[in-house]
A.B. asks: 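Quick one: structure below, then a few questions.
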Amino acid sequence: MKKKLFLVGILLIFGLASVTNEIKIENNMAKHLVHLAKENPEILDKFPELGNENYKLEKMDTINFVFKNLGSDVLKSFPYIIILIILFFSSASLFKLMKSKIIRDMSLRTSYDKVIKREIIKAYSYSFVPILFLVILFILSLFYNVNFDFKDSCIKNINCYMSDTSLKFFFFLIFNLITITLYYINISLIMLNYNKNIVLNVISSFLIIIGIELVLQCLVGPILAAITNIQSFGNVFSSANLWYYDSSSYLIATIYCILSFLISYIILRNTYKKKERIFIQNDK
């Protein structure tokens, strides 16, 4: 329980930092416009509202404000920070069992497969961390403005930070974030057998994930883009772009996320298939 509260606290800090920064940027922009109008009286003829010292920019709707935050400078590196957070929390329980040899005793009382299955399910519960962050960001955005008319904003092309306003967009965004997070967790659990320290496990797992991304982006992406003439092939291989992609990337991103999960899951199942090998590996 303490771990999960700590995790929520971390996500809340990032959300608050982003939302408060975006509000500050808007307020500074409003002050700049008022100052500009003072120095250039002709502007007041067209925009008399700038004569008010307390002038504020028109607030965008809540949903677009959420997506504006996702693309903000404060959260620019967040997709990679959240990977590190997930790698740590999702592997902590199984790491403790493996390195303390408790899993041997548990396997005597119950099936080894049941113990491993339970730990994997426990680790998979952290696949909802990205969605939890979106919920936190949404709740914080309600303090900025309670307005859900995001379609009207995008139709008028005013303060629109979404590439698509359909339900399909939200479904694929949530589905792909959960699926790719399961892939990250699989990598972390696989690497547990090769690391004596959980910090080293997080770092090595992270480097593998980034390494695979770079290979896909720099080598596989351009080749597939040239063959299919679909330029978005390169974009979806980046963890950052899975938070913020255009509608042409829906199918490609989904296929990539599903394949990443399935391949890593097969490797994970094979890794923990033979308990004798696991025990020997962790005794080293």
Side-chain angles (χ1 to χ4, degrees), residues 1-11 14 78-100 102-103 106-107 110-137 170-195 198-210 212-213 236-237 239 242-243 253-275 277-278 281-282:
M1 187 64 179
K2 288 182 180 179
K3 285 195 301 183
K4 291 182 178 179
L5 287 175
F6 181 68
L7 177 58
V8 171
I10 294 173
L11 299 179
F14 275 100
F78 182 73
Y80 298 101
I81 294 173
I82 201 170
I83 292 176
L84 290 170
I85 293 170
I86 290 167
L87 291 177
F88 176 80
F89 282 98
S90 64
S91 62
S93 178
L94 184 56
F95 183 86
K96 184 179 179 180
L97 286 180
M98 301 290 278
K99 303 311 174 184
S100 65
I102 296 175
I103 194 170
M106 293 178 68
S107 298
T110 185
S111 165
Y112 165 82
D113 290 335
K114 285 183 179 179
V115 174
I116 293 299
K117 183 179 179 180
R118 187 189 66 191
E119 290 302 315
I120 290 176
I121 291 174
K122 190 186 297 184
Y124 279 178
S125 67
Y126 289 93
S127 63
F128 290 93
V129 169
I131 310 308
L132 175 61
F133 178 70
L134 288 178
V135 171
I136 289 173
L137 198 57
F170 294 102
F171 171 79
F172 278 108
L173 175 67
I174 293 171
F175 178 82
N176 290 339
L177 283 175
I178 292 174
T179 309
I180 201 66
T181 303
L182 289 171
Y183 155 68
Y184 300 149
I185 294 170
N186 285 343
I187 296 294
S188 179
L189 297 180
I190 291 167
M191 293 303 296
L192 275 182
N193 286 292
Y194 307 98
N195 292 294
I198 193 165
V199 175
L200 289 177
N201 187 67
V202 170
I203 294 172
S204 60
S205 300
F206 181 76
L207 290 176
I208 287 172
I209 291 168
I210 298 303
I212 292 172
E213 278 191 11
V236 298
F237 295 139
S239 296
L242 287 173
W243 289 80
T254 303
I255 293 172
Y256 163 61
C257 292
I258 292 174
L259 285 177
S260 297
F261 167 68
L262 290 177
I263 293 171
S264 62
Y265 180 75
I266 292 170
I267 297 172
L268 175 65
R269 291 293 296 174
N270 186 62
T271 300
Y272 288 94
K273 193 173 183 180
K274 296 181 179 180
K275 67 178 180 179
R277 184 178 61 186
I278 296 298
Q281 184 71 31
N282 284 276

A.B. asks: If you apply the rule side chain to side chain contact (heavy atoms under 4.5 Å, CB included), what do you find for Phe78 with Leu11, and how did you get there?
C.D. replies: CA-CA 10 Å; Phe78 182 73; Leu11 299 179; 4.0 Å; yes
A.B. asks: Apply side chain to side chain donor-acceptor pair (under 3.5 Å) to Ser239 and Tyr184, showing your working.
C.D. replies: CA-CA 10 Å; Ser239 296; Tyr184 300 149; 2.7 Å; yes
A.B. asks: Minimum heavy-atom separation for Ser91 and Leu87, please, with both atom names.
C.D. replies: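 Residues Ser91 and Leu87, closest heavy atoms: OG-O, 2.7 Å.
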A.B. asks: Are the side chain of Tyr272 and the backbone N or O of Ile120 linked by a donor-acceptor pair below 3.5 Å?
C.D. replies: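 Absent.
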A.B. asks: Would you call the rings of Phe237 and Tyr256 parallel, tilted or perpendicular, where under 30° means parallel and over 60° means perpendicular?
C.D. replies: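 Because their plane-to-plane angle is over 60°, the rings of Phe237 and Tyr256 count as perpendicular.
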A.B. asks: Starting at OG of Ser205, measure out to CD1 of Ile86 and round the result to the nearest 0.5 Å.
C.D. replies: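 Ser205 OG to Ile86 CD1: 12.5 Å, rounded to 0.5 Å.
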A.B. asks: Is the shortest heavy-atom distance from the side chain of Leu182 to the side chain of Tyr265 under 4.5 Å?
C.D. replies: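 In short, these two side chains do not touch, never coming nearer than 4.5 Å.
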A.B. asks: Have Asn195 and Ser204 got a donor and an acceptor in their side chains that come within less than 3.5 Å?
C.D. replies: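 A pair is found: one side chain offers a donor N or O, the other an acceptor, under 3.5 Å apart.
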A.B. asks: Start with the C-alpha distance between Leu7 and Tyr126, add both sets of side-chain angles, then the distance that settles side chain to side chain contact (heavy atoms under 4.5 Å, CB included), and finish with yes or no.
C.D. replies: CA-CA 10 Å; Leu7 177 58; Tyr126 289 93; 3.9 Å; yes
A.B. asks: On a heavy-atom basis, which atom in Ala92 and which in Ile198 lie closest, and how many Å separate them?
C.D. replies: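 Taking every non-hydrogen atom into account, CA-CD1, 3.6 Å.
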A.B. asks: To the nearest 0.5 Å, what is the distance between CD1 (Ile190) and CD1 (Ile208)?
C.D. replies: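 Interatomic distance, Ile190 CD1 to Ile208 CD1, rounded to 0.5 Å: 8.5 Å.
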A.B. asks: Rounded to the nearest 0.5 Å, how far does OG1 of Thr179 lie from CD1 of Ile174?
C.D. replies: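 That separation rounds to 11.5 Å.
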A.B. asks: Do Phe14 and Ile82 pass the side chain to side chain contact (heavy atoms under 4.5 Å, CB included) test, and can you show the C-alpha distance, the side-chain angles, and the key distance before you say yes or no?
C.D. replies: CA-CA 10 Å; Phe14 275 100; Ile82 201 170; over 6 Å; no
A.B. asks: Could you give the distance from OH (Tyr194) to CG (Leu200), rounded to the nearest 0.5 Å?
C.D. replies: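 Tyr194 atom OH to Leu200 atom CG measures 15.5 Å (nearest 0.5 Å).
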A.B. asks: Return the minimal non-hydrogen interatomic distance between Ser127 and Ile185, and the atom names on each side.
C.D. replies: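 Taking every non-hydrogen atom into account, N-CD1, 3.8 Å.
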A.B. asks: Working to the nearest 0.5 Å, report the span between CG of Leu192 and CG of Leu94.
C.D. replies: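 If we round to the nearest 0.5 Å, Leu192:CG and Leu94:CG are 5.0 Å apart.
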A.B. asks: Please determine which of Asn186, Ile178, Thr181 meets the side chain to side chain contact (heavy atoms under 4.5 Å, CB included) test together with Tyr124.
C.D. replies: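 For Tyr124, the side chain to side chain contact (heavy atoms under 4.5 Å, CB included) test succeeds with only one of Asn186, Ile178, Thr181, which is Asn186.
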A.B. asks: Check Leu177 against Ile180 and note the closest heavy-atom contact, atom names and distance.
C.D. replies: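 Closest heavy-atom pair between Leu177 and Ile180: O-CG2, 3.5 Å.
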A.B. asks: For the atom pair CD1 (Ile266) and OG1 (Thr271), what is the distance rounded to the nearest 0.5 Å?
C.D. replies: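 Ile266 CD1 to Thr271 OG1: 11.5 Å, rounded to 0.5 Å.
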